[in-house]
K.L.:
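Supplied in structure tokens, the structure appears directly below.
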Amino acid sequence: RRKPQGITVNYACKLTSERLIEYVKYRKIAVRFAQAYTVCVNFTVNGKTLYAVGFKNDNGGYVLRNPVFKACTSSFVTTIYAVNSGKFTSTLNVFEGFFDFLSACTWFNKRPNLDTIVLNSTVNTKQILSVLRNYETIHLFLDNDKTGQDTSDLIRSEHNHVVDCSGLYSGYNDFNSFSMYARRSH
């Protein structure tokens, strides 16, 4: 996959596009969670104007996804604090990608009640290592592949109480793949 050059965000708005909502539904994500955490981003890349589901990161950029396009405007993690916590929770959830995070919200039918970081790429793992010290326990929802395992090993080397939650979706690459298959077969 070739990395697109020069993504310019034209605007972001509420996720109401029928095509993007169909894409979210295809990925077996509840629309209410997609609309709570993502937006519709209109952007220009390589001279073409497109739109995608946008997941905002802590740097003000977006992770962009539509059925034929996958990119980010800037590489950075997304932090989601527990609702009304006002302080750190004792446990932190770490997801590899935003569709995995949204799949968990859909699967458990609720917003997270723990602080959550979405890496948006395992490349961003080193950005969060110092933050891990603020938590007693880390729950990892990483991909079941070599990169996910390497990331898990790195986090375990920095923190003593790590729970690998990927067993929930063993046999699948990630939470979203598991969720998509499980919801199609019922």
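The figures here come from the full heavy-atom set of this structure, side chains too, leaving out hydrogens, waters and symmetry mates. Along the sequence shown, residues carry numbers from 1.
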K.L.:
Hydrophobic cluster membership, with links at side-chain heavy-atom distances under 4.5 Å among I/L/V/M/F/W/Y: are Tyr11 and Leu50 in one?
P.N.:
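No, separate clusters.
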
K.L.:
Does the Asn176 side chain pair with the main chain of Asp100, one donor and one acceptor, at a distance under 3.5 Å?
P.N.:
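Absent.
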
K.L.:
Same cluster for Phe108 and Phe33 if Ile/Leu/Val/Met/Phe/Trp/Tyr side chains link at under 4.5 Å?
P.N.:
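Same cluster.
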
K.L.:
What is the minimum heavy-atom distance between Pro112 and Asn93, and which atoms define it?
P.N.:
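Looking at all heavy atoms of both residues, the closest pair is CB-ND2, 4.5 Å.
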
K.L.:
So which atom in Leu142 and which in Gly148 form the shortest heavy-atom distance, rounded to 0.1 Å?
P.N.:
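The pair with the smallest heavy-atom distance is CD1-O, 3.6 Å.
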
K.L.:
How close do Leu114 and His139 get, heavy atom to heavy atom, and via which atoms?
P.N.:
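So the two residues come closest at CD1-ND1, 4.3 Å.
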
K.L.:
State, to 0.1 Å, how close Leu154 and Thr125 come at their nearest heavy-atom pair, and which atoms those are.
P.N.:
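Shortest heavy-atom contact: CD2-CG2, 3.8 Å.
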
K.L.:
Quick one: do the Thr49 and Asn42 side chains pair a donor with an acceptor below 3.5 Å?
P.N.:
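Distance-only check fails for Thr49 and Asn42.
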
K.L.:
Whether the side chain of Thr106 engages the backbone of Ala30 through a donor-acceptor N/O pair (distance < 3.5 Å, no angle test) should be reported.
P.N.:
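Indeed, once roles are kept as given, a pair shorter than 3.5 Å links the two residues.
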
K.L.:
Locate the shortest heavy-atom distance separating Ala52 from Arg65; write the atom from each residue and the value.
P.N.:
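Result for this residue pair: CB-O, 3.3 Å.
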
K.L.:
Flag yes if more than 12 heavy atoms outside Arg32 fall under 6.0 Å of its CZ atom; otherwise flag no.
P.N.:
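Buried by this count: over 12 neighbours within 6.0 Å.
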
K.L.:
Between Phe55, Tyr169, Phe141, which is the residue that forms a ring pair (Phe, Tyr, Trp, His ring centres under 6.0 Å) with Phe95?
P.N.:
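Among Phe55, Tyr169, Phe141, the one meeting ring pair (Phe, Tyr, Trp, His ring centres under 6.0 Å) with Phe95 is Phe141.
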
K.L.:
In Å and rounded to the nearest 0.5 Å, what is the CD to CG distance from Gln35 to Leu20?
P.N.:
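It comes to 11.0 Å.
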
K.L.:
Does the pair Asn124 and Ser75 meet the rule for a side-chain hydrogen bond (donor to acceptor under 3.5 Å, both in side chains), with working shown?
P.N.:
CA-CA 7 Å; Asn124 297 324; Ser75 182; 2.9 Å; yes

K.L.:
Apply ring pair (Phe, Tyr, Trp, His ring centres under 6.0 Å) to Tyr37 and Phe98, showing your working.
P.N.:
CA-CA 9 Å; Tyr37 292 105; Phe98 84 88; over 10 Å; no

K.L.:
Among residues at least two apart in sequence or on other chains, which ones pass side chain to side chain donor-acceptor pair (under 3.5 Å) with Asn120?
P.N.:
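With neighbours one apart ignored, the set is Thr78.
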
K.L.:
Evaluate the side chain to side chain contact (heavy atoms under 4.5 Å, CB included) criterion for residues Tyr62 and Phe43: first the C-alpha distance (whole Å), next the side-chain angles of each, then the deciding distance (0.1 Å), finally the verdict.
P.N.:
CA-CA 11 Å; Tyr62 292 94; Phe43 61 99; over 6 Å; no

K.L.:
With side chain to side chain contact (heavy atoms under 4.5 Å, CB included) as the criterion, how do Leu15 and Val24 come out once you've worked through the C-alpha distance, each side chain's angles and the decisive distance to 0.1 Å?
P.N.:
CA-CA 10 Å; Leu15 182 65; Val24 164; 4.2 Å; yes

K.L.:
Just do the side chain to side chain contact (heavy atoms under 4.5 Å, CB included) check on Arg156 and Asp164 with the steps written out, would you?
P.N.:
CA-CA 10 Å; Arg156 284 178 191 279; Asp164 182 355; 3.3 Å; yes

K.L.:
Does one hydrophobic cluster hold both Val163 and Ile138, with members joined at side-chain heavy-atom distances below 4.5 Å?
P.N.:
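Val163 does not cluster with Ile138.
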
K.L.:
To the nearest 0.5 Å, how far apart are SG in Cys40 and CZ in Arg19?
P.N.:
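The CZ atom of Arg19 is 12.0 Å from SG of Cys40, to the nearest 0.5 Å.
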
K.L.:
Mind checking the CG-CD1 spacing from Leu92 to Ile128? Nearest 0.5 Å is all I need.
P.N.:
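Atom-to-atom, Leu92:CG and Ile128:CD1 are 6.5 Å apart.
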
K.L.:
Can you tell me how far the CD1 atom of Ile7 sits from the OG1 atom of Thr44, to the nearest 0.5 Å?
P.N.:
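With rounding to 0.5 Å, CD1 (Ile7) is 10.0 Å from OG1 (Thr44).
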
K.L.:
Could I get the full list of ring pair (Phe, Tyr, Trp, His ring centres under 6.0 Å) partners for Tyr23, not counting sequence neighbours?
P.N.:
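In terms of ring pair (Phe, Tyr, Trp, His ring centres under 6.0 Å), with neighbours along the sequence ignored, Tyr23 is linked to Phe99.
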
K.L.:
Decide whether Asn144 and Ser170 meet the rule of one side-chain donor and one side-chain acceptor closer than 3.5 Å.
P.N.:
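No, Ser170 and Asn144 have no side-chain donor paired with an acceptor closer than 3.5 Å.
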
K.L.:
Give the intermediate values and the outcome of side chain to side chain contact (heavy atoms under 4.5 Å, CB included) for residues Ile29 and Ser103.
P.N.:
CA-CA 6 Å; Ile29 304 297; Ser103 292; 3.4 Å; yes

K.L.:
Side-chain heavy atoms under 4.5 angstrom apart, residues restricted to Ile, Leu, Val, Met, Phe, Trp, Tyr: same cluster for Leu119 and Val123?
P.N.:
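Leu119 does not cluster with Val123.
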
K.L.:
Any donor-acceptor pair under 3.5 Å linking the side chain of Thr38 with the backbone of Ala34?
P.N.:
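Side chain of Thr38 to backbone of Ala34, a donor-acceptor pair under 3.5 Å: yes, one is there.
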
K.L.:
Between the side chains of Thr147 and Asp145, is a donor N or O closer than 3.5 angstrom to an acceptor N or O?
P.N.:
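The answer is no; no qualifying pair exists.
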
K.L.:
Specify the closest pair of heavy atoms between Gly61 and Thr73, including all atoms of both residues, with the distance to one decimal.
P.N.:
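Closest approach of Gly61 to Thr73, heavy atoms only: CA-OG1, 3.2 Å.
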
K.L.:
Measure from the side-chain N and O atoms of Glu158 to the backbone N and O of Leu129, and report whether any donor-acceptor pair falls under 3.5 Å.
P.N.:
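No, the answer is negative, given that no donor and acceptor are paired below the 3.5 Å cut-off.
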
